[in-house]
Trainee: 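Below you'll find the structure I mean.
One-based numbering, in listed order, for ligands and for the atoms of each. The shown structure was predicted, so the numbers you read here are calculated from the model rather than taken from an experiment.
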Amino acid sequence: MKNTVVTFLQAKEKGDKLTMLTAYDYSTAKLMDEAGVNSILVGDSLGNVILGYEDTISVTMEDMIHHGAAVSRGAKDALVIIDMPFMSYQASVYDAVVNAGRLMKEGRGGAVKLEGGKEVCPQIKAIVNAGIPVCAHIGLTPQSIHAFGGHKVQGKSEEAARKLIEDAEAVQEAGAFAVVVEAVPKKLARLITQRLQIPVIGIGAGNGCDGQVLVYQDLLGMFSDFTPKFVKQYAKVGEVMKDAFRQYIKEVKSGAFPAEEHEYKMDDDIIEKLY
Ligand code: KIV
């Protein structure tokens with residue numbers, strides 16, 4: 001069944017948990033789609049896990065469009081949400097609408113995601129008014145990592161918790177169809193989830209949310225630079241890949257690969273004439 005912003009809202013009403021994973025390329029998106037994930041997020045985490053930057057600040061619109069379009073080609077039923085990269089929406093409402101439009105037209109996403117609470121509500125309203133669904137992202141918002149002073153849990157004090165609740169209500173009021181809540185205590189995320197009519201997708205926010213999202217390299221054990229506490233590793237694909245790479249190197253060096261079954265044939269009399 002095709003997942004849309006409407007099915008997202010219906011899932012919240014029915015109490016069905018939503019699943020979201022990040023992807024950045026066609027073949028991974030296709031596997032996730034076939035596995036039945038509700039939504040694929042083309043996260044600007046591609047800056048970290050694909051491009052090797054230490055944060056998401058340098059990710060460009062061109063990066064997001066390039067990877068967004070690849071994922072969109074691979075996802076048949078999953079709702080593809082494409083991240084708006086740093087400085088593609090913060091400076092003005094005009095930038096926000098134009099760049100969200102590019103992610104839809106050129107990246108072929110079904111929705112866009114942007115980071116922030118009250119301060120980005122004018123942008124959310126304008127993008128939604130242009131007919132583009134918006135997923136908000138509050139809590140630990142990686143594009144503001146330098147302002148936070150690192151990867152820190154958000155909303156622990158009363159003041160910070162109240163601000164997060166207000167931000168969640170504000171983005172809902174501005175027209176967001178869902179909100180990602182990152183790195184906040186479980187009890188606060190559950191309270192936000194209860195207060196909102198739109199689905200709350202948690203990452204490092206406990207199991208009281210309407211759904212969960214993870215970066216797939218974390219889930220598969222393919223990224224070792226930095227592993228947050230909230231990650232569960234479902235497989236050790238990184239080890240499987242390294243073993244396969246080592247085996248390949250060994251067999252090429254020994255001549256065991258390629259073997260006869262990997263070769264193309266031709267008539268001996270033709271080859272003899274060439275000597
Ligand atoms: O960029 C990303 O992958 C994200 C998720 C961590 C929610 O925003």
Trainee: Show the atoms of ligand 1 that are less than 4.0 angstrom away from any heavy atom in Ile203.
Mentor: 6 (C)
Trainee: In terms of relative ring orientation, are Phe226 and His151 parallel, tilted or perpendicular, with 30° and 60° separating the classes?
Mentor: tilted
Trainee: Using the six-membered ring of Tyr234, assess whether NZ or CZ of Lys232 lies under 6.0 Å from its centre and within 45 degrees of the ring axis.
Mentor: yes
Trainee: Indicate yes or no: at least one non-hydrogen side-chain atom of Ile127 is less than 4.5 angstrom from one of Leu114.
Mentor: yes
Trainee: Suppose I only count heavy atoms of His137 and a 4.0 Å limit; which atoms of ligand 1 are within that range?
Mentor: 7 (C), 8 (O)
Trainee: May I ask you to list the atoms of ligand 1 that are less than 4.0 angstrom from any heavy atom of Asp44?
Mentor: 1 (O)
Trainee: Look at atom 4 (C) of ligand 1 and say which protein heavy atom is nearest, naming residue and atom and giving the distance to 0.1 Å.
Mentor: Leu41 CD2, 3.6 Å
Trainee: Flag Lys113 as yes when one of its N or O atoms lies below 3.5 Å from any N or O atom of ligand 1, and as no otherwise.
Mentor: yes
Trainee: With the side chain counted from C-beta on, respond yes when Asn99 and Met64 share a heavy-atom pair under 4.5 Å apart, and no when they do not.
Mentor: no
Trainee: Could you tell me whether some N/O pair between Glu182 and ligand 1 is separated by less than 3.5 angstrom?
Mentor: no
Trainee: If you round to the nearest 0.5 Å, how far is OG1 of Thr227 from CD of Gln217?
Mentor: 11.5 Å
Trainee: Using a strict 4.0 Å cut-off to heavy atoms of Asp83, name the atoms of ligand 1 that fall inside it.
Mentor: 1 (O), 2 (C), 8 (O)
Trainee: For ligand 1, which part of Thr22 has a heavy atom less than 4.0 Å away: the side chain, the backbone, both, or neither?
Mentor: side chain
Trainee: Near Gly43, which atoms of ligand 1 are under 4.0 Å from a heavy atom of that residue?
Mentor: 1 (O), 2 (C), 3 (O)
Trainee: For atom 3 (O) of ligand 1, which candidate among Ala23, Pro142, Ser45 holds the nearest heavy atom?
Mentor: Ser45
Trainee: Using a 6.0 Å cut-off, check whether atom NZ of Lys17 has over 12 heavy atoms from anything other than its own residue.
Mentor: yes
Trainee: May I ask you to check whether Tyr24 has an N/O atom sitting below 3.5 Å from an N/O atom of ligand 1?
Mentor: no
Trainee: Considering only heavy atoms from C-beta outward, does the side chain of Glu62 approach that of Arg102 to under 4.5 Å?
Mentor: yes
Trainee: Would you say the side chain of Pro199 lies within less than 4.5 Å of the side chain of Leu9, judging by non-hydrogen atoms?
Mentor: yes
